[in-house]
Novice: 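Quick one: the structure is below, questions incoming.
When reading the values below, keep in mind they use all heavy atoms of this one structure, side chains included, and skip hydrogens, waters and symmetry mates.
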Amino acid sequence: MAQTTRALLRQYATQSIAAIRDAWRVLRHRGPSQIQFWFIALAIGIAAGIAAVLFRKGITALQSVLYQTDDVQYLHSSAQYLPWYMILAIPIIGGLVVGIILHVFTQDGRVRSVADVIEGAALADGRVETKQGLASMAASLITLSSGGSTGREGPVVHMAAVISTWVCARINADGITGRDLLGCAVAAAVSASFNAPIAGALFALEVVLRHFAVHAFAPIVIASVAGTVINRLEYGDVTEFVLNTPGSLQFYVELPAFLILGLLCGLVALALMQTIFLADDMGTHVQTRLRMPRWLRPAVSGAMLGGIAIWFPHIIGVGYETTIRALSGDLLLTSAILFAVVKVVAVAITMGGRMGGGVFSPSLMLGALTGLAFGYIATGLLPDVSGTHTLYAFAGMGAVAAAVLGAPISTTLIVFELTGDWQIGLAVMVSVSMSTALASRLVDRSFFLTQLERRGIHLAAGPQAYLLAMLRAGAVMRPLGDARCIGREACEEMIAQGLSIPASATLEAAMPVFDRAEVACLPVVVPGEGDTEEPVGALYHVDALKAYNRALAATAAEEHS
């Protein structure tokens with residue numbers, strides 16, 4: 001009897017192992033089923049949540065050591081008592097380390113961030129660069145810990161994307177699955193970083209995937225909740241900002257003031273973005289003119305930041321202390337304006353110096369300062385029909401951040417979740433709507449999409465603009481010898497007339513040639529001997545249009561599924 005039982009147990013164990021192996025084989029070669037996908041989404045959510053929490057704790061630990069403080073929430077209050085040479089030296093050393101890391105592990109010395117994740121979602125089936133992403137995470141950790149004036153959401157989002165990319169490679173995920181898993185990772189990272197599950201899920205859909213497909217919603221929510229649970233297990237169920245002064249809104253009468261605040265915040269957001277781009281261009285120009293090694297550029301920026309921090313230590317790090325003071329009304333009008341201007345300069349120096357970090361937290365701080373300054377003026381002019389000036393700080397915080405991110409829905413919700421105050425939604429929504437409406441017309445939709453546009457990646461206009469860049473002439477052409485393709489002699493005649501397209505070129509380059517030449521096809525060439533070009537096929541206008549139409553249809557099907 002005992003032998004029979006043991007034999008049955010061995011048989012069951014053998015069958016179970018075989019079933020697991022078969023399931024893994026199917027998962028790798030055919031992709032996950034719906035139930036399997038949800039479990040993978042949960043696992044990615046947990047992994048991304050843990051990574052985000054560890055990243056945050058790493059910043060806290062390193063800042064505590066460098067700036068000799070026990071509470072990094074009040075970092076600049078502690079830093080102002082340090083010797084001036086330490087405040088100057090810390091960001092220089094940090095910038096030097098960042099420069100060496102990026103020089104060794106990236107080809108262009110550039111930190112990867114949210115814009116690269118958006119590009120990966122649109123153009124790379126939900127994949128991002130892994131080695132460069134890990135290097136960027138380390139560089140951003142050092143930047144934020146050593147005085148860089150940026151935020152942690154950018155590196156956290158890209159770090160989560162690296163995790164999803166690794167999983168996609170293991171399960172051989174297709175484009176739709178890869179993008180959905182990327183959305184899951186991003187949602188979990190944002191939720192874990194800011195304790196904001198609703199906003200985390202919507203951020204992934206609105207900013208990264210840039211659609212609200214139903215099939216992606218459930219797994220992204222699962223991952224977002226998982227990331228939030230990780231955060232609350234470590235930090236408890238607390239909000240990022242604790243408001244001591246609740247606001248009150250004098251409805252209807254005061255709403256025009258919030259409309260004006262929204263327009264002002266849109267201009268402030270535009271000033272922040274354009275200053276960052278200007279600083280990046282100037283940094284590149286100076287680096288080229290002086291033949292400065294690229295690894296030295298972050299250290300020079302660190303020296304500039306250290307010099308500013310000696311007089312304005314509030315620029316150090318994420319800036320939570322100054323944001324809290326603005327939301328609590330614990331700043332004078334002149335201080336709020338001055339701190340806002342200095343913060344813009346510090347953020348531009350940090351990002352223009354290729355040091356790393358994100359723009360969300362700085363935009364929260366800048367918005368709170370802008371709103372507070374506006375609130376002082378508005379309540380001073382019409383005290384009898386105005387609420388508190390801190391209410392304007394609250395609305396301004398959301399308005400500037402929404403305009404920078406180009407994400408009014410998720411930003412509105414993340415501001416609510418960061419503060420825990422849901423009673424003044426009308427004021428925030430009015431300001432956010434006006435700021436995003438204005439700023440999105442003055443840049444390419446958002447800071448991230450404008451970054452990509454500056455690199456020649458046209459995502460802001462939608463799939464109809466960027467899908468042509470994803471299709472190669474060599475993949476769409478009819479090869480020589482095909483009965484439907486023109487002959488070699490005809491190809492050579494057209495090449496002699498200057499009518500040809502390289503096999504590596506995209507349809508984005510080919511379509512204008514069709515329009516100019518008014519021909520039915522173009523020879524597709526590869527480099528031959530010497531300076532000659534060897535025809536390998538012909539790209540037909542009708543085939544290019546068919547391929548473009550299929551790509552548009554597939555994108556529309558994904559977004560509406």
Novice: Do you know the tightest heavy-atom contact between V400 and L366?
Specialist: CG1-CD2, 4.4 Å
Novice: Is any side-chain heavy atom of T323 less than 4.5 Å from a side-chain heavy atom of L327?
Specialist: yes
Novice: Assess the pair F447 and F277: is the distance between their ring centroids shorter than 6.0 Å?
Specialist: yes
Novice: Would a 4.5 Å heavy-atom cut-off, applied to side chains only, mark L459 and F448 as touching?
Specialist: no
Novice: Side-chain contact, heavy-atom cut-off 4.5 Å: I276 with L272?
Specialist: yes
Novice: Quick one: do the Y392 and E254 side chains pair a donor with an acceptor below 3.5 Å?
Specialist: yes
Novice: Using only atom types and a distance under 3.5 Å, with no angle test, would you say the side chain of E453 pairs donor to acceptor with the backbone of A460?
Specialist: no
Novice: What closest approach, in Å, do V347 and P362 show between heavy atoms, and which atom pair accounts for it?
Specialist: CG2-CB, 3.6 Å
Novice: Might you confirm whether atom CE of M304 has over 12 heavy atoms from other residues, nucleotides or ligands at distances under 6.0 Å?
Specialist: no
Novice: Check whether R297 reaches the backbone of G352 with its side chain - one donor and one acceptor, N or O, closer than 3.5 Å.
Specialist: yes
Novice: Could you give the distance from CD (E153) to CD1 (I414), rounded to the nearest 0.5 Å?
Specialist: 8.5 Å
Novice: What's the shortest heavy-atom distance between T370 and C265, and which atoms?
Specialist: CG2-SG, 4.2 Å
Novice: Is there side-chain contact between F339 and F312, with at least one heavy-atom pair below 4.5 Å?
Specialist: yes
Novice: Show, in sequence, the C-alpha distance, side-chain angles and deciding distance for Q274 and T450, and conclude whether the side-chain contact (heavy atoms from CB on, under 4.5 Å) test is met.
Specialist: CA-CA 10 Å; Q274 295 292 7; T450 305; over 6 Å; no
Novice: Shortest non-hydrogen contact from A52 to V156?
Specialist: CB-CG1, 3.9 Å
Novice: With no hydrogens and no angle check, is any side-chain donor or acceptor of S435 less than 3.5 Å from a backbone partner on A399?
Specialist: yes
Novice: Is the closest side-chain heavy-atom distance between V359 and M351 below 4.5 Å?
Specialist: yes
Novice: About how many Å separate OG1 of T228 and CZ of F194, when rounded to the nearest 0.5 Å?
Specialist: 12.5 Å
Novice: Quick check: closest heavy atoms across A223 and C184, and the distance to 0.1 Å?
Specialist: CB-O, 3.3 Å
Novice: Could you give me the CA-CA distance, side-chain angles and deciding distance for F394 and F416, then say whether side-chain contact (heavy atoms from CB on, under 4.5 Å) is met?
Specialist: CA-CA 9 Å; F394 187 96; F416 289 148; 4.0 Å; yes
Novice: Report the residue from H158, Q451, R110, Q132 that forms a side-chain hydrogen bond (donor to acceptor under 3.5 Å, both in side chains) with D116.
Specialist: R110
Novice: With a 6.0 Å cut-off (strictly less than), is the heavy-atom count around CZ of R445, excluding the residue itself, greater than 12?
Specialist: no
Novice: Check whether any side-chain heavy atom of V207 sits under 4.5 Å from a side-chain heavy atom of V157, and report yes or no.
Specialist: no
Novice: Under 3.5 Å, is there a donor on one side chain and an acceptor on the other for H215 and D180?
Specialist: yes
Novice: Please confirm whether R56 makes a cation-pi placement over Y235, using NZ or CZ under 6.0 Å from the six-membered ring centre and within 45° of the ring normal.
Specialist: yes
Novice: Is the shortest side-chain heavy-atom distance between E508 and Y548 below 4.5 Å?
Specialist: no
Novice: Against T143, only a single residue in I59, V98, V111 fulfils side-chain contact (heavy atoms from CB on, under 4.5 Å); can you say which?
Specialist: V98
Novice: Would you say that T411 contacts V432 through its side chain, given a criterion of any heavy-atom pair below 4.5 Å between the two side chains?
Specialist: no
Novice: With a sphere of 6.0 Å drawn around CZ of R455, does it hold more than 12 non-hydrogen atoms of other residues, nucleotides or ligands?
Specialist: yes
Novice: Please find the pair of heavy atoms, one from A192 and one from G49, that lie closest to each other, and give the distance.
Specialist: CB-CA, 3.5 Å
Novice: When you compare the side chains of T350 and S149, does any donor N or O come within less than 3.5 Å of an acceptor on the partner?
Specialist: no
Novice: Is there a donor in the side chain of R354 and an acceptor in the side chain of S301, or the other way round, less than 3.5 Å apart?
Specialist: no
Novice: Using atom types as modelled and distance alone, determine if a side-chain donor or acceptor of Q63 lies under 3.5 Å from a backbone N or O of L144.
Specialist: yes
Novice: Can you tell me how far apart CG (L305) and CD1 (I87) are? Round to the nearest 0.5 Å.
Specialist: 12.5 Å
